[in-house]
Asker: 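Can you keep this structure in mind? I'll have questions shortly.
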Amino acid sequence: MSFDVGLIIESLPMMLSGIGITLKLLVVSAVLGLLLAIVLLLMRISGKWYLNWPAQAYIYVFRGTPILVQIFIVYYGFPQFEFIRDSILWPILREPTGCAIVALSLNTGAYVSEILRGGVKGVSKGLLEAGSALGMSARQKFIYITTPIAVRLALPAYSNDVVSLLKSTALASTITIADMTGIARTIVAETYAPYEIFISMAMIYIAFTWVLQRTFGVIERYLGRYTKREA
Amino acid sequence: MTTTAPLICMQDVDKFFGDFQALKKINLKIGKGERIVVCGPSGSGKSTMIRCLNRLEEHSSGHIFIDGSELTDKVKDIDAVRREVGMVFQSFNLFPHMTIAKNLMIAQQLVRKTPKAEAREIAIRYLERVKIPEQADKFPIQLSGGQQQRVAIARALCMQPEVMLFDEPTSALDPEMINEVLDVMIDLANDGMTMIVVTHEMGFARSVADRVIFMDEGEIVEEAPPASFFDNPVHERTKAFLSQILAH
């Protein structure tokens, strides 16, 4: 077997041209997913069964099915329904990128809400009692005590989920999107050189992951600054 | 004893946790400026009793009056009571993500709507009172246990409460740090603060308390000034308890 280094150098710029789409899928889905996760979390901890119950069902379904199937359902399934084609969401769902973002957001939202819930549950009861004893309202306690501590506790697991979301964006290539993976597959189809192309693509993802992890590492250290004795 | 209406009044207060009765028909009156020490074996209901006074626990039946107004389910009543009652916990419960000064300022700003600069001024004043103003900009974890508990006392005082509740304030401390916290509490008592202190520090009880209350199995068994409480306990259960904790 020959390994064509020239081909890698030649195709790297092409694959990198897909980085914009990969980045867009990642950032938009991460932000929308996080917003959805916060809503699901608030429903889960509301103490009201009619909010908790649907949120739990949602999380159960989206964690229990493969992300690829979810992407296919949104992309191939939704346009079958006339009310979706008539809805204001149609301009988004008509585009493959829109479909991918919707599916990725819905999926990551389910996972992240459970990650956040773990953080909220990790806040010591005594701190909330201290807040109550000082006369703080439930809302004030949630904003000023629970949230900052829960965010710190949830961050390591959350950063893991963002890395995993990055790799899920590669599935967008299955619905015609020219992200990094999509471009790589096109090049492979033309050159019949799967090793060179897929290995160099893998290295781009690794570099990307490294940047993400470093970034989260910085945030983690900042949020954890009050957990170390020495200033 | 004061002649005016009591600041705190508990009438036939019961508290159940499921089937377990933690408090049985508690009747207690505390006047303004009184210093009460509550002692008793673990599980006797002493923490539960004081936690009912600021609604960290909800009493199951009976009546609790703080400064004339009854503590009910209404949020307004609970807020009103919590403004009057400060609390210090066994495990300090300082907010770990806030500096010491912020720990003292946050409730002033949110609950009393005190402007930031004034809240900080008040915070520093109370930190001076507990003798650690130089720690204002550190995080709680950078302080010793004794210092943290003194900050917790200062934090409660910032809200200018009428009554201070202490739930075993020295039980989580290393022995060499107990006195610095007790000194602050004695200082507070000398200033006329109404205090209810759950503690096993019998030296503190003897020198500071106006009354000592002994609880066992959810009941107030004995209630007496410290001299007669320690020297002439009436009930067998009190005698047994005292002989156990004063044996060494």
Asker: Does any heavy atom of chain B fall under 4.5 Å from the side chain of Thr227(A), the backbone, both, or neither of them?
Answerer: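 The answer is the backbone of Thr227(A).
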
Asker: Any sub-3.5 Å donor-acceptor pair from Asn54(B)'s side-chain atoms to Ala133(A)'s backbone N or O?
Answerer: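 Judged by distance alone, no pair lies under 3.5 Å.
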
Asker: At their closest point, which heavy atom of Tyr226(A) faces which heavy atom of Ile141(B), and how far apart are they?
Answerer: O-CG2, 3.3 Å

Asker: Is there side-chain contact between Glu129(A) and Arg51(B), with at least one heavy-atom pair below 4.5 Å?
Answerer: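 Glu129(A) vs Arg51(B): side chains touch.
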
Asker: Kindly check if the number of other-residue, nucleotide or ligand heavy atoms within 6.0 Å of CZ (Phe16(B)) is above 12?
Answerer: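 Yes, because the 6.0 Å sphere around CZ of Phe16(B) holds more than 12 heavy atoms from other groups.
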
Asker: How close do Leu127(A) and Pro96(B) get, heavy atom to heavy atom, and via which atoms?
Answerer: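 Nearest pair, atom of Leu127(A) first, then Pro96(B): CD1-CD, 3.6 Å.
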
Asker: Using non-hydrogen atoms only, which part of Leu94(B) is less than 4.5 Å away from chain A: side chain, backbone, both, or neither?
Answerer: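 Only the backbone of Leu94(B) comes within 4.5 Å of chain A.
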
Asker: More than 12 foreign heavy atoms under 6.0 Å from CZ of Phe17(B): is that the case here?
Answerer: yes

Asker: Could you look at Leu110(B) and say if it's the side chain, the backbone, both or neither that has a heavy atom under 4.5 Å from chain A?
Answerer: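 Leu110(B) touches chain A through backbone and side-chain heavy atoms alike.
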
Asker: Given a strict heavy-atom distance threshold of 4.5 Å, which part of Leu134(A) is in contact with chain B: side chain, backbone, both, or neither?
Answerer: both

Asker: Shortest non-hydrogen contact from Gly135(A) to Arg82(B)?
Answerer: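 Closest approach of Gly135(A) to Arg82(B), heavy atoms only: CA-CB, 4.2 Å.
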
Asker: How close do Ala130(A) and Phe95(B) get, heavy atom to heavy atom, and via which atoms?
Answerer: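 Residues Ala130(A) and Phe95(B), closest heavy atoms: CB-CE2, 4.2 Å.
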
Asker: His97(B) and Tyr144(A): which non-hydrogen atoms are nearest, and at how many Å?
Answerer: NE2-O, 2.8 Å

Asker: Got a second to check how far Ser132(A)'s OG is from Asp79(B)'s CG, nearest 0.5 Å?
Answerer: 10.0 Å

Asker: Roughly how far, to the nearest 0.5 Å, is CD of Gln140(A) from CD1 of Ile106(B)?
Answerer: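 Answer rounded to 0.5 Å: 8.0 Å.
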
Asker: Which region of Arg55(B), side chain (C-beta onward) or backbone (N, CA, C, O), has a non-hydrogen atom less than 4.5 Å from a non-hydrogen atom of chain A, or is it both or neither?
Answerer: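 Contact with chain A: none, neither part.
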
Asker: Below 4.5 Å from any heavy atom of chain A, which atoms of Leu143(B) appear? Answer side chain, backbone, both or neither.
Answerer: backbone

Asker: Closest approach of Lys228(A) and Gln142(B), non-hydrogen atoms and distance?
Answerer: O-CG, 4.1 Å

Asker: Determine whether more than 12 heavy atoms belonging to other residues, nucleotides or ligands lie under 6.0 Å from atom NZ of Lys102(B).
Answerer: yes

Asker: Got a second to check how far Asn93(B)'s CG is from Leu128(A)'s CG, nearest 0.5 Å?
Answerer: 9.0 Å

